[in-house]
Amino acid sequence: MKKRMIVVAGVAVVAIVVALVVSVERRPEWTTRSPRALAELNAAIDAQMKVYASDAKRHLERALQLDPNFVMAKFLLYEQTEMGTTAQRKEFKKFVDSIDLNRLSPRERFMIEMSQASLAGRPEEAGRILDRYLARHPDDPFALNAKGSNLWREGKLDQAKNVFLRLVKIAPNWVVAYNQLGYIAMEQGRFAKSEDYFKTYGFIAPDQANPHDSLGELFILTGRYREALREFNRAITIKPDFCASYMHMAITHLLMGSLDQARADAAAADTQGHCPPHELAMLRCIVKLWPLETAHRWSDILRAAHESGCDTGGSQPSSITVTLDRAAAFSGDMKAAGAFEARAARTLEKVKGSPEESIVRGVLEHMKAMRLAAQGRYDEAAARLRAADSSIPYRGAGNGLFKLVTRLELAEVLRAAGRPAEAARVIASVGKVNPAMARAFNSGAWRPLGLAAHPAS
Amino acid sequence: MHRRTRRPLLELLIPGVLAFLVAGLSIMDMFLPKPYDGVVLEADAPGRMVVRQVIPGSGAQAAGIRPGDIIVGIDHSVLESTGQAAEQLNRHHIGDTVAYLVRSGEHVREVEVRLGRRHIGDTMYLLACLLGFVFFFVGWFVVSHQPRLPAARVFFMMSVLFMLFLVCRLRPASYSWVDAFVLTTGTLALLFLPATFLHFFMIFPRPVWQWRRDPLARAARVLREYNVLWPVIYLAPVTVYAANVAFASRSGRSLALISGAPAANWWVMLVYMVLGLGALAISARALPDQRQRSGAAIVFLGAVFGVVPFLVLAVATPSFFHTEKFLFYGVLPLILVPLTFAYAIVRFQLLEIRVFLRKSLLYTITTAVITGLYAGGIAAFNWLFKGTAIAESRYFPVVFALAIVLLFEPLRRRIQAPVNRFFFRGRTQLRRAMDEMGEAFAAQIDLEPVVRQLVERLPQLLGLEFAALYLVRGETLVRVAGPASLPEHFPDLQILRNHLARRGGILRLAQLAPLEMLSPEIEKINRQLEDAGVEHLGVLASPRRGIGVVLLSKSSRQIVLEPEDLRLLRGLLRQASIALETSLLLEEKTHQAQIERELKIAAAIQQSLLPADIEMTEGWRVAAVCRPAREIGGDFFTVLPGRDASLRTIVYGDVSGKSIPGALLMMAAHEVLHALAMEHPEPGELFDLVNQRIHALRRGSTVLGRGSFVALGSLACLPGTARLQYCLAGQPPPMMRRASGEVRELPMPAHRIPVGALAAGGYEAMETPMDAGDIVVAYSDGVVEAMSPSGEFFGSDRLKGVIAKAPNDPHVIVDSVLRALDTFTEGRPPYDDITLVALGCSSSA
């Protein structure tokens with residue numbers, strides 16, 4: 001009996017000690033004395049995760065009213081604000097530098113220190129601060145999110161994916177992570193997985209337009225145009241000024257051959273969508289040039305583009321640039337085509353080491369291929385197109401469609417070169433991703449280059 | 001119940017009651033009106049909400065959720081745990097529509113599910129619950145009646161674990177913490193269940209190490225001696241489980257479970273079952289006792305045919321094939337386990353099967369009635385208040401359950417009394433039989449029928465191997481009936497008698513242990529009785545006297561007597577005590593009457609030996625009287641022939657001891673005197689010879705003790721002289737009353753030891769002159785030692801006074817002395833025999 005009592009007492013003592021240790025370890029994550037302010041901050045973070053910026057801002061402002069000394073509320077409020085002007089950035093830096101780090105929790109300290117390093121133009125140091133913190137707090141969702149985003153920006157997709165997967169395991173409702181995971185999966189060609197992530201994203205944030213738009217993009221890429229339209233409509237229903245969905249809807253209609261609908265979408269984007277002017281202009285150009293492009297009226301494309309001011313000549317090559325380069329090459333304007341190539345080459349030099357490098361390299365290879373194909377040097381063009389294909393990722397619907405079009409162009413070039421079997425394999429690879437596009441190609445309804453097949457084919 | 005049995009029962013009762021409460025909670029929770037989607041989750045997919053079953057007509061079915069789907073999120077939240085799912089659902093009301101994110105195969109999809117009322121227990125599950133409760137009550141019944149029997153305790157634990165497994169592990173699980181708790185409890189039960197099986201099989205019917213000598217049995221014996229056998233057996237499955245979980249957690253691999261346990265645990269269980277069934281099979285083949293072999297064989301068959309279908313159809317099939325279609329066929333054979341175990345116990349005669357089954361049935365009926373009332377109440381309530389706010393109240397089920405809890409005990413009593421009367425006919429018959437036996441005792445006046453009832457009929461009624469009766473004989477308890485293996489007698493110790501009285505008259509032999517420290521004799525008795533197979537002692541006593549002890553063996557059915565049996569038995573022994581006392585008294589009275597009759601005859605014979613008329617030599621007058629203190633006496637007087645025809649010698653004697661031995665010695669002395677007097681008339685010589693004979697007689701006899709002797713005296717008138725010859729051997733000196741009235745004691749011879757006391761003789765006859773009118777009064781010591789009520793002796797002075805005052809006549813003197821004695825003793829019976837002889841000389845010779 002005595003022995004049993006000792007055992008029971010021992011177990012009780014161990015339980016109490018463990019409870020104490022756990023309670024000591026679980027210090028507050030955010031430094032404030034006001035429980036209500038803390039609740040507002042948590043609501044703001046929740047809203048932020050769902051990309052509800054205005055809600056997040058409102059909660060943060062309320063948190064600051066409740067506790068004016070709530071450092072993190074103020075810090076996140078600054079982060080929510082667009083730092084459009086130098087004065088704003090300076091003010092933010094001044095605030096960040098004035099924070100007494102000693103009274104903050106480890107997470108708060110890490111976030112402020114990282115911000116300080118970034119604002120001081122020391123991104124490497126910011127990265128080191130993040131890594132140090134993550135080593136000590138491997139399950140902190142905020143740090144994991146920051147790390148995943150960094151890796152994604154650096155193009156380290158597998159590492160980014162693993163970090164985000166860890167994040168959603170720890171915080172299953174960290175909604176942005178699903179968006180990132182969806183795009184990473186799309187870029188890696190894992191479209192079914194990407195669809196799951198976007199759907200999960202949409203499930204968690206049902207009042208958000210973005211997950212529907214993301215899912216619509218995936219559907220465009222995979223040739224599920226009607227489903228894409230449904231998702232874009234949902235996005236627009238949720239957020240009527242959601243520009244991206246108007247643009248994506250227009251492209252979907254173009255791919256479906258509904259030019260009038262595309263024009264209507266472009267008009268709606270203009271009137272209802274809260275689109276940046278350069279994106280709106282690009283959409284107009286795409287819609288305008290698309291019928292000429294499908295008809296292989298290369299000279300008309302150049303002319304129309306010139307008349308409409310479609311060639312913006314921006315630093316980054318866009319889909320319009322690619323269209324115009326193709327049109328220049330096949331209309332025999334090698335000088336213009338060479339100019340496009342030179343511009344892309346310059347851009348490539350600028351973006352080396354960034355996630356954009358592969359895309360720009362793909363565009364450059366594509367331009368070279370168009371020139372070679374227009375000159376009838378099909379084998380060389382095919383090699384360039386293969387290089388372009390391997391460089392271009394499925395990053396979003398735009399890049400993904402560009403990749404698929406590049407493959408169809410490769411198929412055309414291979415046919416013209418008298419290599420139909422290779423062409424068929426390439427078309428089949430397109431069909432695996434986007435059966436509609438492959439069907440259109442095989443039926444002859446749409447050929448990107450309009451090349452005649454080699455007589456021997 | 002004895003304290004030593006209470007603690008083990010309590011130790012078993014606590015986990016048993018807790019298990020019962022968990023099972024009750026599990027069932028109650030299933031029927032609480034909570035918002036529910038209709039999804040039954042896979043129990044073997046911890047951390048994931050895999051749909052095992054969709055309740056027909058539920059919101060989940062309408063939403064197209066199918067078995068095998070995974071519930072990823074509810075109400076726009078991706079779920080971290082089932083608890084979070086329950087939390088999400090509890091935010092809604094019955095009738096709400098909630099968004100679900102469901103993974104079907106490779107894809108996730110969002111569906112809308114309308115929440116309904118929770119109701120997930122089907123008939124199959126209720127059957128499993130019923131079976132579980134039957135297990136529990138059967139186990140409890142066995143252990144409450146056999147708390148000291150290890151196999152019964154293990155059987156109870158096995159029953160509890162079976163109940164938990166059936167009620168908790170087979171429960172259709174949903175999202176709430178109760179589901180998780182109940183499922184975990186069921187898993188724990190599953191982990192421990194094979195250990196209890198192995199434990200039971202190793203000790204039933206007999207511990208395998210007690211009769212086997214193979215290496216495994218020897219290993220078991222060694223482990224048991226170091227007290228590690230059972231800890232190892234019970235902790236091994238848990239350790240394997242913990243190791244699996246830890247390994248899976250560290251390696252990041254998901255843990256594949258079969259009915260809650262990892263595959264490794266199933267291997268452990270398989271090993272346990274093989275070992276246990278192996279031990280049982282060996283018992284069934286090789287146990288020395290045929291009944292035990294049969295018992296083991298039946299348990300073996302029950303275990304194989306009950307457990308194997310259960311494992312295949314109720315455990316493996318739902319886990320591997322995600323279907324519960326065959327659950328019924330898996331659960332149903334499980335009933336073989338309690339039935340065959342119980343039957344085997346009966347074959348092994350552990351319990352009374354009819355009582356066993358009927359009590360189980362009783363509790364099952366009671367539980368079913370109460371459950372039916374509860375379910376009926378809920379249904380009636382829902383029907384009455386359908387659509388109102390009361391029906392939706394979450395407090396209603398709690399209040400209703402409380403009401404049922406409060407009503408349970410009174411209802412149970414109400415139901416139990418008539419059911420008891422109906423079902424426990426055996427007990428009623430036993431009581432009636434005991435009553436009849438008690439009545440028979442009251443009517444009996446003979447000892448033998450009472451004894452026969454106690455040692456023949458009583459063991460039959462109680463199912464004992466034997467009973468024995470010991471009766472008090474002096475300071476010894478003597479066996480009057482019972483097996484010869486029992487001791488013939490043992491001391492009737494007061495400490496034992498008091499202990500029995502304090503314990504209510506009946507106690508277990510083991511309860512004598514505290515007395516062993518006080519009395520080594522108790523220790524000896526205890527050991528003897530224990531070796532002979534005695535289990536209970538019952539005292540037979542009346543308020544007036546201790547009568548004896550009844551010894552009761554172990555039951556031939558290996559059960560201890562129930563408290564009810566003991567109560568009945570106690571009453572019966574009281575009645576038997578009265579009957580026995582009556583019989584004994586009657587017997588003693590008869591015996592006494594017989595003795596008295598015989599004494600009267602003896603007294604008549606003795607009286608006839610005394611001479612009616614004593615003729616002495618002319619000129620001498622004589623008066624003699626002999627008054628025995630009891631029916632027969634040890635005093636006598638007689639007249640012996642002298643050396644010539646005219647000479648007479650009066651001899652008077654006083655034999656030591658009274659009653660029969662005294663009378664016999666008196667007769668012997670009388671005969672010896674007469675036999676020798678013919679040849680040896682001289683008193684000195686005669687006394688010497690008589691001394692030799694009596695002494696020889698005493699030495700050769702086992703009846704006559706060292707104190708057996710005869711005081712003799714003789715008086716003779718010498719013819720032709722006025723002299724008195726007298727000889728004394730242990731008698732007081734005669735008194736001489738002179739004609740003048742003077743009284744003095746005659747001189748004493750040198751040697752006057754009573755005859756027979758010593759081997760040496762040397763008696764000397766003395767003479768004294770007598771004048772006319774002188775009277776010699778000889779007497780036995782009974783005269784002077786007569787006692788007044790105040791304890792005063794009559795004494796020689798008082799005797800002298802009486803003789804002196806009396807008229808000068810031998811008869812008158814004798815009468816005067818007798819009267820004086822009567823006056824002095826106030827008519828009380830004399831302490832000792834009284835003999836007076838008065839011899840008077842009427843004229844000078």
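In what follows, every chain begins at residue 1, and chains take the letters A, B, ... in the order their sequences are listed.
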Contacting moiety of B:E110, where chain A heavy atoms sit under 4.5 Å: side chain

All salt bridge (charged side-chain N to carboxylate O under 4.0 Å, His left out) counterparts of A:R166, not counting sequence neighbours: A:D139

Six-ring centre of B:W230, B:R224 cation under 6.0 angstrom, axis tolerance 45°: no

Output field: ring centroids A:F203/B:H76 closer than 6.0 Å: yes

Using a 3.5 Å cut-off and no angle test, enumerate the donor-acceptor pairs between side-chain atoms of residues 181-194 of chain A and protein atoms at least two apart in sequence or in another chain.
residue	atom	partner	partner atom	Å
A:Y183	OH	A:S214	OG	3.1
A:Y183	OH	A:E217	OE2	2.7
A:E187	OE1	A:R395	NE	3.1
A:E187	OE2	A:R395	NE	3.1
A:E187	OE2	A:R395	NH2	2.7
A:Q188	OE1	A:R190	NE	3.1
A:Q188	OE1	A:R190	NH2	2.9
A:Q188	NE2	A:D158	OD1	2.8
A:S194	OG	A:G182	O	2.8

Presence of salt bridge, B:R66 and B:D69, under 4.0 angstrom: no

Contacts of residues 96-103 of chain B with chain A (heavy atom under 4.5 Å): B:A99, B:Y100, B:L101, B:R103

Residues forming a side chain to side chain contact (heavy atoms under 4.5 Å, CB included) with A:A436, sequence neighbours excluded: A:Y225, A:N434, A:R439

